[in-house]
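The structure under discussion appears below in the form of structure tokens.
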Amino acid sequence: MGAVDFEAFVHELATLSGQAILPFFRTALGVEDKNKGAVFDPVTAADRAAEQAMRNLIQKTFPQHGIRGEEYGDHNLDAEYLWILDPIDGTKSFIAGLPAWGTLIGLAHRGAPVYGMMHQPFVGERFYGDGMSARYRGPAGPRSLSVRPCASLDEALLMTTSPRLMKEADRARYGEVERQVRLPRYGGDCYAYCMIAAGHVDLVIETELQDYDIAALIPIIEGAGGIITNWEGNPAQGGGRIIAAGDKRVHEQALKVLADG
């Protein structure tokens, strides 16, 4: 069974998670801090409801599959197929009432990401891909996704969620890249990566990511013709320090600056 066979099921997961999340958005919901005493790491009832709904459907439909999610314990991690879930990527935007968040649904086969979707139910947008191609479905109508060319850093639009999330040394290295680009922008979380796939952003640089923050986005970016690695140029699915680009030329230039910084 190939990744494409899971497409209808992933759309079903997206619809289900959106139904669980939307009743909580822009309401007076309670917020917990998962990282008390350190950097604020919020979680809400919406995160938990959406992940539980997706987990229930996966275990009912594919009981032999594994699940790795942000909010609940891992299940059957050695399975041939592993679902990697982040019910709300961008929870800080979510609790602020901003629509710059999304549900990440990733599928790995023998450890390699083979399918991913970012679903934003409030806006009604879905970005999805299998590493070979990427698609969009939303208010603008269905279409294929494709990155845009960007030959050099001085032509690039760069995004990161916030440099304040980076360790001091990494923030300094990131700053060297930012000083060379045409336009830096902050915020976006998972949306920034989808904007690379859609041809609106050229470069995303982040650190301190978990595997569930990035696994679903890899097949989307690669399917649209982009490249995504860690700062060492190795596969990105483990998270950590991540760099994504629409054009291999600007990816290579940014990697060099990060290495020399």
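These figures come from a predicted structure and were not determined experimentally.
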From [X] [atom1] over to [Y] [atom2], what is the distance, rounded to the nearest 0.5 angstrom?
X: Ile84; Y: Ile214; atom1: CD1; atom2: CD1; answer: 11.0 Å
X: Leu158; Y: Tyr174; atom1: CG; atom2: OH; answer: 4.0 Å
X: Leu157; Y: Leu203; atom1: CG; atom2: CG; answer: 9.5 Å
X: Ile58; Y: Gln64; atom1: CD1; atom2: CD; answer: 11.5 Å
X: His119; Y: Trp101; atom1: NE2; atom2: CH2; answer: 8.0 Å
X: Gln120; Y: Cys194; atom1: CD; atom2: SG; answer: 10.5 Å

Ring pair (Phe, Tyr, Trp, His ring centres under 6.0 Å) between Phe9 and Phe62, worked out: CA-CA 10 Å; Phe9 181 71; Phe62 300 110; 5.0 Å; yes
Under 4.5 Å between any side-chain heavy atoms of [X] and [Y], yes or no?
X: Arg110; Y: Tyr81; value: no
X: Met166; Y: Thr160; value: yes
X: Pro87; Y: Asp47; value: yes
X: Ile242; Y: Thr207; value: no

Are more than 12 heavy atoms, taken from residues, nucleotides or ligands other than Glu252, located less than 6.0 Å from that residue's CD atom?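 Result for CD/Glu252: open.
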Could you tell me whether Asp78 atom CG has more than 12 heavy atoms of other residues or ligands within 6.0 Å of it?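 Atom CG in Asp78 is not crowded, with 12 or fewer foreign heavy atoms closer than 6.0 Å.
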Hydrogens and angles aside, do Thr229 and Asn234 bring a side-chain donor and acceptor to less than 3.5 Å of each other?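 On atom types as modelled, these side chains do not qualify, holding no pair under 3.5 Å.
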Residues which pass side-chain hydrogen bond (donor to acceptor under 3.5 Å, both in side chains) with [X], listed by chain and number, not counting sequence neighbours:
X: Ser162; value: none
X: Glu125; value: Tyr136, Tyr191
X: Asp154; value: Ser152

Polar side-chain atom of Asn56 near backbone of Gln59 as donor-acceptor pair, under 3.5 Å: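 Pair absent, no side-chain N/O of Asn56 close to backbone of Gln59.
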His11/Tyr128 under ring pair (Phe, Tyr, Trp, His ring centres under 6.0 Å): CA gap, chis, key distance, verdict: CA-CA 9 Å; His11 280 286; Tyr128 50 100; 4.7 Å; yes
Do the side chains of Met159 and Ile227 join up, straight or via other hydrophobic residues, at under 4.5 Å, putting them in one cluster?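 No; tracing contacts between hydrophobic side chains, which count when under 4.5 Å, never links both residues.
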Using the test salt bridge (charged side-chain N to carboxylate O under 4.0 Å, His left out), find all partners of [X] that sit at least two apart in sequence or belong to another chain.
X: Arg171; answer: none
X: Arg241; answer: Asp170, Glu232
X: Glu12; answer: none
X: Asp86; answer: none

Determine, using ring centers only, whether Trp83 and Phe6 are less than 6.0 Å apart.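 Yes; Trp83 has its ring centre under 6.0 Å from that of Phe6.
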Would you list the pairs meeting side chain to side chain donor-acceptor pair (under 3.5 Å) in which at least one residue belongs to residues 13-25, sequence neighbours left out?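 Every pair satisfying side chain to side chain donor-acceptor pair (under 3.5 Å) with a residue in residues 13-25: Thr15-Arg126.
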Does anything in [range] pair up under salt bridge (Lys or Arg N to Asp or Glu O under 4.0 Å), and if so which pairs, sequence neighbours excluded?
range: residues 179-198; answer: Glu176-Arg179
range: residues 54-67; answer: Glu51-Arg55
range: residues 206-220; answer: Arg68-Asp211

Any residue meeting ring pair (Phe, Tyr, Trp, His ring centres under 6.0 Å) with Phe122, in chain and number order, not counting sequence neighbours: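 With sequence neighbours excluded, Phe122 shows a ring pair (Phe, Tyr, Trp, His ring centres under 6.0 Å) to Phe25, given in chain and number order.
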